[in-house]
Amino acid sequence: QAYAEPKKEFSIAWTIYVGWMPWPYAADTGIVKKWADKYGIIINVKQINDYVESINQYTTGGFDGVTATNMDGLTIPAAGGVDTTILIIGDFSNGNDGIVSKAAKTIADLRGQSINLVELSVSHYLLARALDGAGLSEKDVTIVNTSDADMVAAFKSPDTSTVVTWNPLLAEVKAEPGSAALFDSTQIPGEIIDTLMVNTEVLKDNPDFGKALAGIWYETMSVLTDPGEKGKAARTAMGELSGTDLAGFDVQLAATKLFVTPQEAVAFTESEDLVKTMDLVRTFSFDHGLLGEGAADKDAIGIAFPGGRVLGSAENVKLRFDASYMKIAAEGSL
Amino acid sequence: MRRAINIVPGSGTRILLVLLPFLLIAGLYVVVSAERRAANPGDKLLPPITEMAESVRRLATEPDRRSGNLTLWSDTAASLQRLFIGLGTAAAIGLVLGLTLGLLPIASAGLSPLIAVLSMIPPMAILPILFIAFGLGELSKVVLVVIGIAPFLVRDLAMAVAAIPREQIIKAQTLGASTWQLLLRVALPQAMPRLIEALRLSLGPAFLFLISAEAIAAESGLGYRIFLVRRYLAMDVILPYVAWITLLAYIFDWLLARVARRSFPWAYVQEAR
Amino acid sequence: MRRAINIVPGSGTRILLVLLPFLLIAGLYVVVSAERRAANPGDKLLPPITEMAESVRRLATEPDRRSGNLTLWSDTAASLQRLFIGLGTAAAIGLVLGLTLGLLPIASAGLSPLIAVLSMIPPMAILPILFIAFGLGELSKVVLVVIGIAPFLVRDLAMAVAAIPREQIIKAQTLGASTWQLLLRVALPQAMPRLIEALRLSLGPAFLFLISAEAIAAESGLGYRIFLVRRYLAMDVILPYVAWITLLAYIFDWLLARVARRSFPWAYVQEAR
Amino acid sequence: MSIIRVHNVWMEYGDQIVLESISLVIASGAFVSIVGPSGCGKSTFLRMILGQERPTRGIITLDGVALPHEPGPERGVVFQRYSVFPHLNVLQNVLVAFEFADSPLTAKLFGSRKRAAVEKAQALIEAVGLGEHAQKFPSALSGGQQQRLAIAQALAKQPKVLLLDEPFGALDPGTRAQMHALIKPLWRERGMTVIMVTHDLKEAFGLGTRLLAFDKPRTDPQAPERYGARIIYDLDLSRDGPVPVLGFSKPIESRATAYETTRSTSHA
Amino acid sequence: MSIIRVHNVWMEYGDQIVLESISLVIASGAFVSIVGPSGCGKSTFLRMILGQERPTRGIITLDGVALPHEPGPERGVVFQRYSVFPHLNVLQNVLVAFEFADSPLTAKLFGSRKRAAVEKAQALIEAVGLGEHAQKFPSALSGGQQQRLAIAQALAKQPKVLLLDEPFGALDPGTRAQMHALIKPLWRERGMTVIMVTHDLKEAFGLGTRLLAFDKPRTDPQAPERYGARIIYDLDLSRDGPVPVLGFSKPIESRATAYETTRSTSHA
Ligand SMILES: Nc1ncnc2c1ncn2[C@@H]1O[C@H](COP(=O)(O)OP(=O)(O)OP(=O)(O)O)[C@@H](O)[C@H]1O
Ligand SMILES: Nc1ncnc2c1ncn2[C@@H]1O[C@H](COP(=O)(O)OP(=O)(O)OP(=O)(O)O)[C@@H](O)[C@H]1O
Ligand SMILES: [Mg+2]
Ligand SMILES: [Mg+2]
């Protein structure tokens, strides 16, 4: 395919989630503009309320980048034929996703229960992993697809006994009297990964776009994790942006394993564990028909890792973990 | 040269004219879809018609791996059941309240402003309260449909009943009718054709509320499927489902129109000059 | 003992009757809210009225730290701007197409079935396509409002225009009117009061579509705020916002009714016997 | 027996006095024609007798008992329009009158009671000449046929008093003549008291045994609402030759002056 | 000049023959009354002359030129109802006729052209006696006043032919007499050809210079749609005493037999 004219203006979409709040904060405080100016480009950071819609918009070309989890990156853009590069691995969920029940005390108690969750999302994956660990399968429970926006209200309803969800909804649900947390993502560390992914072609044609994004991210990280007033102010702002306050935000942050420095993120990206995780994820995705009807088996879509490793079809690589931009950041040569 | 207003197409031309815009849209779709495919062979937004046909075939004839049902039909059955219960309940509420408000000045004085206010509340915004009150099961979906369309039905029927000529109401009283008899034999039958017309107008909104309800919490249904597969942008499922919903709504509309004309022929005669 | 139908409340009783159901509902709310609080002091679902008042005060008078705006007012301004542009565009489309379809048999033959079919498509189900086609900016929100209500306006106005007595159309032609003049001086003015009535009926759906659009992509607006705080079940914000939306819709409804009666007095006179 | 007594009745709508100081005795079995300019209160007068409206002052009695303030089966009515039920066919329109009486809960009759009622209804329908149209809906009837049906309906309850508000106003002259030929024998046979409002003087004189003319005897151009209408003529038409009155053949608008000169002859 | 020639015109709706083989010459300046039973095709005949409908066979010419198949300003019309624009006041209702002609794009006049048009409109309104009501909307007018307005409107374009379809059918007898007194001099002054459909024989004879009666000369009870109406009488009323015709004074329904006996005297 012919190389396109280098672009000047880019846009990325974000949705409200603790691991992605640095993006709007960076846009508000001028960090985005600072780095964009440095590379002579313009970057628009746009909020979308509906998470799935933001990824759909990215997939159909409405955005050059989007904040999404590893699993959704595989099942929506990659399965939709849009070659996507995971540019920044920001964090993984370390308690931000969980299963909460009013009736069951252990995962084994869930047999025969109906469970409310956003079907085909990371919650679904989390449940599958939890059931797996307890020797149950999805057939043993009834899954009721429930919109994330209504999850908290749904849990208040007397007919709802168990939900699988993420923060901040998770915290709200856990606060309900009589509810118990059965399982959370601390038990599958590193499997639910929050990333910024961009269109591979756009990145190839415009490496400056990637560099600017990496620059923005790690500068914002340093502000966010600042132990003093500066960090507190940043976290307050992010909390308010997501509809809560400093305390609420800090709770969510505590359940998030942030890769504060590029070095940590690079190490995670290059580790063998990531390949294992992605194999679990693609197996789950294939089993649930998420790789599309055209996919004959779970190898249909190739996933590339740093160092040329490919999981699945090497001819059809659509999802790429790329540590190079984070590496440049680690080297301080942005 | 005749005025445009005086040009009446013949029946052949008419059929052509009806088909033309549909064919144009279909043609446009095929072209744009092909273009997008050329740019990205994996494009999901506007799948070619063959692909949609294949998806429909699969959904309509192959049992689902998890439940063993034929997806399209079980979704349709689930949705239609909710829709009909919702429409039926709303129609019953519309009739009872519409007749009461239209007929009794005292009821109208007390309740009309309340219903006017209620009809303005966007139901989607108070979902949490509905969940607590009606749970998250089938009931809440039906309730959302009812809440969505009943205020309109009530107001429309109350207006229709209030528009029954005063002369008839007086006449019935001189024939000895009690309020109840008047309601039963004079107001109710005259409200029926209007109820069907109002239901026809409500079909679109009813489907809308149903789909929204199914998007919020469900295990099956047309809206459920659409929002589920939206997670991986499976437009090859969404578009046929939308077409199917549209077709269903169109068929019900047509059926209701026929039922009304069959059952209430007196309501469809031009007033004699 | 008089028949219930003959009991007409006096004006004092009438005011009482109007207030009664509202007071009952308010009373019920206070009681249930207090009960829930007693059972669970952290209950968020039905906050006491004092708490809601405090939230409203905060949203209406304290500037937001990020934007410096007063949240309630900037949300209202953003939503109303979208609503008005949407209603205006839909009204314009409704007028243009309604007049054309109602007046020209040839246009009606070609487009009426298409519009009937389009009006049955649930807009929420094709949101992804709408967002792709119209972007995620202000445009797409306005477009959802337009798509949601324009088909109804078009059909309603086309029906109203087609119902203009044939005699008037003939008469205008014998006075030398061209099709365009007929449209401008005969059909358009007679369609206007109906347009306003149809807009009144569309206010509820328009708010509904606006809120849905704002829930998916927006950075301010009444629907956005409700969506944003819904994940924390902040009913102390949601309920006042819902009440505010209802009040706004009610005010617009009332204003439109007044405008119609002021501007088109001829349309509101009983036909002389 | 059905003597109607009207004692010093006034009717006001807010500030506007519509009728003032109407007093009158209507004998049992009379056929009273009421004429008067448009808007003078003829229909209002009829509505008061019907019980649809309550006089602001004064009292109306039927056979010595104050009239109930709502319509009832002892007073039948036929309006100019909208007087029959469009959703019932001719037979059902009459049948419903019996059903209201005999079936309080469902207002429907079944079995032998239905057969009896249908028979009575059929007889009435034959009497007004609609025998062959019993299965038609009102929309399939001509204006004249609809009014016949309304009359059959009203007769079903055997009312003591039959009130007619311009019953033939919407009919063409030929049909109108037929209706006159229909109503007169029916009235005679049943011995009802009939009160008929009409704009057609020929009709008023031709059918009535008594003629009442309503009009405002006095008007203040600055405050037209301050004076209501009264009965300005009260003629006994049952005598062989009623005295013809000046001005009646002129168009209605120019009549006021004629009234003015004869005002003192007012009601008895 | 405005001679209308109707050459062997047929009108069929699907299978139903409504009018058959109508041929006729209407002299310039004639006042033609048309009578006939309901549904016989009188309005259809008028609609054909108006250009609203096209005969299925035959041709109609005005001054030798085939009529255009759509209404136009040379043929004015007044219907029984709905003939004026409810959203325009009396003055605007007439003014709009001038505006259509002089302002193709906006159909609105301004400044001196408007003043000139208003003057002409006012004159017409005065002529039909609505001078003091110029600012009222039609809903505030009585039925008779509305029909006057419709006539003023129709006259604005100075049509060669004025078509009236039961123009006074909805009016009470008094108002109807006033309208007769209005229309006759207007017709004489302007020298128009007037064709008026009416159900009122007195009106037909009183106003017309020529009377046409339409009816089906023949009916097959098994297939009533196979025979259309023709002109069964064509009387010249301008002669001093038109021969009175058998049966005309009977009610319309019972007329058929009378027609039957005189069918052979059909149109000239
Ligand atoms: N409900 C009402 N409220 C106020 N005014 C009323 C009401 N009903 C009637 N009127 C007024 O009372 C007067 C008499 O009305 P009514 O209908 O009795 O006249 P009418 O003699 O029957 O006239 P018409 O011959 O036109 O039928 C009119 O001026 C009318 O405006
Ligand atoms: N558009 C139409 N399609 C089919 N039949 C029609 C149409 N217009 C009129 N007819 C039929 O043609 C016949 C003549 O109708 P028309 O209106 O001319 O009668 P008319 O003599 O004016 O009657 P009336 O005195 O009731 O006005 C009627 O039988 C009518 O049913
Ligand atoms: Mg009256
Ligand atoms: Mg006719």
Side-chain angles (χ1 to χ4, degrees), chain B residues 95-96 98-100 102-108 156-157 159-198 256 259-273, chain D residues 43 46-47 50-53 68 70-89 92-108 136-146 149-150 153-159 161-163 165 170:
Chain B
L95 261 186
V96 170
L99 286 172
T100 316
L103 220 44
L104 303 184
I106 197 151
S108 167
D156 201 58
L157 283 177
M159 253 165 59
V161 171
I164 293 178
R166 192 84 202 129
E167 283 92 339
Q168 280 185 38
I169 310 289
I170 300 293
K171 180 79 180 217
Q173 294 186 59
T174 66
L175 299 181
S178 66
T179 296
W180 165 248
Q181 288 179 323
L182 226 160
L183 190 147
L184 202 65
R185 294 294 313 268
V186 179
L188 175 65
Q190 294 196 57
M192 285 306 294
R194 182 61 185 231
L195 172 67
I196 294 195
E197 290 303 322
L256 282 175
V259 166
R261 282 176 181 269
R262 280 279 171 98
S263 318
F264 315 108
W266 52 268
Y268 293 89
V269 204
Q270 290 290 318
E271 201 191 325
R273 282 272 166 96
Chain D
S43 298
L46 228 55
R47 282 201 296 272
L50 191 55
Q52 193 184 341
E53 274 175 273
E70 61 176 359
E74 71 286 356
R75 286 156 292 161
V77 70
V78 175
F79 295 106
Q80 181 174 1
R81 292 201 291 176
Y82 307 119
S83 221
V84 295
F85 301 119
H87 60 291
L88 300 177
N89 68 23
Q92 292 166 333
N93 252 295
V94 181
L95 196 59
V96 79
F98 300 107
E99 296 183 311
F100 283 146
D102 298 342
S103 169
L105 206 66
T106 60
K108 278 267 190 192
K136 285 190 184 167
F137 281 102
S139 54
L141 300 179
S142 73
Q145 290 170 327
Q146 291 192 21
L149 175 56
Q153 246 184 352
L155 294 179
K157 306 302 290 189
Q158 309 218 329
V161 180
L162 181 60
L163 303 168
D165 195 350

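Everything numeric in this text was worked out from a predicted model, so none of it was measured. Below, chains carry the letters A, B, ... as their sequence lines are ordered, and counting in each starts from 1. Basis for what follows: all heavy atoms, side chains included, without hydrogens, waters or symmetry-related copies.
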Chain B contact via [X] - side chain, backbone, both or neither, heavy atoms under 4.5 Å:
| X | result |
| --- | --- |
| D:A156 | neither |
| D:E99 | both |
| D:F137 | side chain |
| D:A140 | neither |

Please report the shortest heavy-atom distance between [X] and [Y], naming the atom on each side.
| X | Y | value |
| --- | --- | --- |
| B:W180 | D:L105 | NE1-O, 2.5 Å |
| D:K157 | B:T174 | CG-O, 3.8 Å |
| B:L175 | D:F85 | CD1-CE1, 4.2 Å |

**OP:** Anything in residues 183-193 of chain B with a heavy-atom distance to chain D below 4.5 Å? Please list those residues in order.
**Re:**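 Listed by number: B:L184, B:R185, B:V186, B:P189, B:Q190.
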
Subject >> Residues in side chain to side chain donor-acceptor pair (under 3.5 Å) contact with B:S108, at least two apart in sequence or another chain >> reply: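 Scan of B:S108 (side chain to side chain donor-acceptor pair (under 3.5 Å), adjacent residues dropped) gives B:S112.
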
Original post:
Is a side-chain donor or acceptor of B:Q181 paired with a backbone partner of D:F100 at a separation under 3.5 angstrom?
Top reply: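 Present.
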
Subject >> B:W266 side-chain N/O to D:L88 backbone N/O, donor-acceptor pair under 3.5 Å >> reply: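 Checked: no pair found.
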
Straight-line distance of [X] [atom1] to [Y] [atom2], nearest 0.5 Å:
| X | Y | atom1 | atom2 | result |
| --- | --- | --- | --- | --- |
| B:K171 | D:S83 | NZ | OG | 4.0 Å |
| D:Y82 | B:I169 | OH | CD1 | 14.0 Å |
| B:Q173 | D:E70 | CD | CD | 6.0 Å |

**OP:** May I ask you to name which of D:P104, D:A150, D:P159 has the most heavy-atom pairs under 4.5 Å with chain B?
**Re:**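 Of the candidates given, the most pairs with chain B belong to D:P104.
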
Original post:
Side chain, backbone, both or neither: which part of B:A177 has an atom under 4.5 Å from a heavy atom of chain D?
Top reply: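 Contact with chain D: backbone and side chain both.
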
